[in-house]
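This chain uses plain numbering: 1 for the first residue, then up along the sequence.
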Amino acid sequence: MDPLGSVIVETGRCIFSFFFTSIATVIKLQHNTGRLRKEFEKLEDRKNGIEEDVRLAETEGKCATEQVKGWIRKVEEIEQEVQPMLEKADRLAVQGCGPCCNILPRYRLCRRMAKKQLEVQQLISSCCFDNVVTDKKSPVRAVEKQQGPSLAGQREAEEMIEKLMELLKGDENKRIAVWGMGGVGKTTLVRNLNNELESSSLMESIDIVIWITVSKDLDLKKVQSQIAKRLNLELDPNEVIEERAKMLLKRLMMKKFLLILDDVWEHIDLDIVGVPQTDDQANRKILLTTRSLDVCRAMMTDEEIKLDVLKQEAAWNLFAQNAGDVVEVPSINPLARAVAKECGGLPLALKTVGKSMRNKRRIELWKHALHHLQHSDPHVKHIEDEVYRRLKLSYDSLPSKILQSCFLFCSLYPENYSIRTDELIQCWIADRLINEHQPLEDCFNDGIALIETLKDSCLLEQGDCAGTVKLHDVVRDVAIWISTKQGSEKPCASILFTNITKPPKQFSGFSELTVILLVGNPINKIHDNLFAGLRKLRVLNLSQSHIVTLPPSLSQLQELRALLLRDCCYLEKLPSLGALHKLLVMDLSGTRLRELPNGTSKLKKLQELHLSRTHHLETIEAGTISGLQSLELLDMSFSAYKWDTRCNVDYGSASFNEILTLDRLSIVKLRLDKVDSVTLDSAWLMKLREFNIQISPGSCDSNHLATQHDEKRAILRGVDLMGIKGLNGLLDTASALDLVICGGISALSELSISHRLSSLQSVKSLSISKCDCITSLISGDNISGTILPNLEHLSLNRLENLGEILGGMVPRKGCLKWLKTIEVVDCKKLRALISFALLQQVKNLEQIKVKNCSKMKYIIGGEVSAEMIPKLRVIELSDLPMLKTICSRLPAWPALEMIEVRSCPMLTKLPFATSNGVAATLKEIRGELQWWNRLIYSNDEIKSSLQQRFQPLKPLR
């Protein structure tokens, strides 16, 4: 064959071979693609099935085995390789095998696919596991121990833990809160409770205790994650809250649990979190700690336990424990105790300060620490960071700037000072923290709401007496620290002096001053120019100082809203006040003023005028009171000023009729010598929201019950109740009636007849004392209708001739039917408190208190049944030498909670017929141990049942 022919033949052979190989490669690629796709789909099905098994197991607290996790990882790796191969093969299949196709990539892909097919087959064959899932590595413990200081040996704390244990055992308490101020030891207490639960019988009804730390910045996903971790449940961090909640809910519905939420600052919607909220969750309970009572309300807790600061002995022990043995060194011990006292019983402060002073043996260091603590200076080591900043969180969490300012205002008062709530509200109004352009009642309500919010946030606490509040010493230090920090940002707006006898001559450089408090200082003189330049001053409080007069520069305080001079017992004269056009409150109570200052009638915006206990006040110029057309409160209780109309008109003094012209007046407190020459008609009295009117000829005695909020109290002292005229309007409208040293009647029911009154139906509180003419409260001989139908509280004191409360035939319905409390003291002739006839009337009786009635033999007469006393809760008996029985023995007491017995030697039996008759509601029986040991019981079961409730009383000194 010629050379050309050979070339042609060889070329043809190559072309044929190329096409044959291309076709074979394409066919083989398609075959391998199909095989790999089929095997890969089998692998995917296996993987999906195993993953579904794992997901279901995770809801039961299990997880995939390590073998399964490794297999899934290999599958995920091969997925990343196979998926692109199949996609590339699909693209090449679309291109076909024309003359332009490149055979080499197809060939390579075909070989790779054959290799991957073998790997896929191996993974399929290796997925036959003995166990797909297993329990978590760390099995779920019923209780996880919490780190923290032990409270073992601290009696008060151990009692609190025991109380919480009892509450958790009860089915009725599903949500319990421990609340109190920051640093008081809430978390420490509940940590100790948590740790004691492991060995408690309570765990018989609980599968798991779940501790969650919430903290100030609430993160619901974080809360969910903490719960899930405790349950060994894995939640996807990228999943929405609602989906995570479903998984939590499913798991928790299978559990009996105690969920402890520590450090809660706001309402947590547990439904959103995934915590079951069914009504029948007796074994699913929640215990939370918080600083705010509002949080307790929002979380709808069934029981709120307030944790207070430590008492003196416990506080010292905690301080000494942290400070070390150095506190027992004789020269240091008094200083150490003084330092500990400055911590105010607050555990956080006691531990922080104690540790900072640990084993310091130089007296100078202890004196240094005491000095700074007494002056609210946080220079003691760590106290700023560890105490003040933590307590400031409560301040930061207050819902408004107004509340924060109100809190800081309280720090202007001295340490441990009980602030009168009405005075505090007056100051807040004057300092524009409460809107002054509204009725006084609304201002007062706003003020009470602010105070209660601060109390609920543990930033204010109850003062030493009713109607007062105060700051805890350490909280006050924090408030001063906050004010000092803010001082660089805004001008000083208030000032406080304490223990000074001579104020500065002038407040130079304090033109921005808005508040001056000089309360309780022995100041006897104010310099003439003291008030010059204080044109922004809104509150001036010089109460309880020794000043005799004030300088004329007082008239320059044209922004003044509150002038408070209460109990300035040497104050005799004031300059003209006519220029103080913005004055809202003036308190001159307890001063020696003989006349009201000039210009008083020009105080057109004055809302409150306090003149109580002005025993020397003789002159009020005619037109002064009637000029105060904005006046809403006039308090002249126990003032010497005489309101007799005829005399006052003759001598140019203010008459009672001027009071009647004040259209905005809503609160009146005053004393009258008599009522026949003044107008006390029902219409005017009904218009008043509150009054306290005392009829006491020639007496300014202030020894009587204080008026409660919104109460209308009438006090008749030294009055002939039969002969006096003009009482009808007063007695018709009074909700509280006090009779002191009155005569003329033998029973109160005669008062209703002699003054033609309609049953004294407005009276809810009645107090009768030292009225020797009274022989019975109500006599059926002289009444035909009901009397005192709305009376709730009855007090009878030193009625020498009182023989019975209810006498004669009394209408069966209406009389005393709403009576709740009865207190009888020093009624020497009274032999029985409640006769059988009276018992028929008093079905709403809740409290009985009897003291020093020498002839009292029994409390309730006749055969008594539970239906007769369904609401009686408290019985207190004292100094009753002849008392033999409380009442006949009852099979059951529906509501009785407490019995207290002192100095009743002849009372040897208690009114319980059976052990079942000991009321389920009975909490305690108090009495002297000697009396208790002499009691006689029907059987040992009653004795045992009562013994559990007995609390011995300490002997009176």
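By the 6.0 Å contact criterion, CD on Glu621 is open, its count of non-hydrogen atoms from other residues, nucleotides or ligands being 12 or less. Counting non-hydrogen atoms of neighbouring residues, nucleotides and ligands closer than 6.0 angstrom, the CZ atom of Arg664 reaches no more than 12 such neighbours. For Gln312, the CD atom sits in a loose shell: 12 or fewer heavy atoms of surrounding residues, nucleotides or ligands are nearer than 6.0 Å. Remark: Lys502 NZ is loosely packed, at most 12 non-hydrogen atoms of other residues, nucleotides or ligands lying under 6.0 Å away. Surrounding NZ of Lys604 are more than 12 heavy atoms belonging to other residues, nucleotides or ligands, all under 6.0 Å away. Shown here is Glu364, whose CD atom has more than 12 heavy atoms of other residues, nucleotides or ligands within 6.0 Å.
Note on ring orientation: taking the six-membered ring where Trp is involved, the planes of Trp481 and Tyr388 are tilted (angle from 30° to 60°). Below 30°, between 30° and 60°, or above 60°: for His368 and His372 the angle between ring planes is above 60°, a perpendicular geometry. Note on ring orientation: taking the six-membered ring where Trp is involved, the planes of His375 and His371 are tilted (angle from 30° to 60°). Between Phe656 and Trp643, the angle of the ring planes goes over 60°, which puts this pair in the perpendicular group of the 30/60° scheme.
At a threshold of 4.5 Å between non-hydrogen side-chain atoms, the residues Gln558 and His581 do not count as touching. Proximity of Leu335 to Lys367: side-chain heavy atoms (C-beta onward) are separated by under 4.5 Å at one or more points. In this structure the side chain of Cys406 reaches within 4.5 angstrom of the side chain of Leu433, judged on heavy atoms. Between Leu565 and Leu571 there is a side-chain heavy-atom pair separated by less than 4.5 Å. No side-chain heavy atom of Lys470 sits under 4.5 Å from any side-chain heavy atom of Tyr417. Looking at heavy atoms from C-beta onward, Leu662 lies in side-chain contact with Gln629 at the 4.5 angstrom threshold. Within the 4.5 Å cutoff, the side chain of Ile547 has no heavy atoms near those of the Asn524 side chain.
The closest side-chain donor-acceptor pair between Lys505 and Asn529, if any, does not fall under 3.5 angstrom. Side-chain atoms of His610 and Glu608 include a donor-acceptor pair closer than 3.5 Å. Side-chain contact check for Thr661 and Ser626: no donor-acceptor pair (N or O, by modelled atom type) lies under 3.5 Å. For the residue pair Glu595 / Tyr641, no side-chain donor-acceptor distance below 3.5 Å is found, with atom types taken as modelled. A donor atom on one side chain and an acceptor atom on the other are found under 3.5 Å apart for Ser394 and Arg291.
The side chain to side chain donor-acceptor pair (under 3.5 Å) with Glu559 is formed by just one residue from the set Arg538, Lys582, Lys536; it is Lys582. For the side chain to side chain contact (heavy atoms under 4.5 Å, CB included) criterion with Ile516, the lone passing option out of Asn541, Leu534, Val539 is Leu534. When Thr468, Ile429, Leu450, Ile451 are each tested for a side chain to side chain contact (heavy atoms under 4.5 Å, CB included) with Leu424, only one passes: Ile451.
In summary, Arg566 and Glu423 do not engage in a salt bridge, as defined by a charged side-chain N under 4.0 Å from a carboxylate O. One finds a salt bridge joining Lys485 and Glu384 here, because a Lys/Arg side-chain nitrogen approaches an Asp/Glu carboxylate oxygen to under 4.0 Å. Salt bridge status for Asp567 with Arg613: present, with a side-chain N to carboxylate O gap under 4.0 Å. Glu461 and Lys455 are not joined by a salt bridge, as no carboxylate oxygen comes within less than 4.0 angstrom of a charged side-chain nitrogen.
The backbone N or O of Leu596 lies less than 3.5 Å from no partner atom in the side chain of Thr600, so there is not a single donor-acceptor pair. Side-chain N or O atoms of Asn333 include one that pairs as donor or acceptor with a backbone N or O of Val327 at under 3.5 Å.
For Met586 against Leu577, the heavy-atom pair with the smallest separation is SD-CD1, 3.3 Å. Leu408 approaches Ala479 most closely through the heavy-atom pair CD2-O, 3.6 Å.
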> How far apart are the C-alpha atoms of Ser601 and Thr624, what are their side-chain angles, what is the distance that settles it, and do they pass the side chain to side chain donor-acceptor pair (under 3.5 Å) test?
Replying inline: CA-CA 4 Å; Ser601 62; Thr624 298; 5.2 Å; no
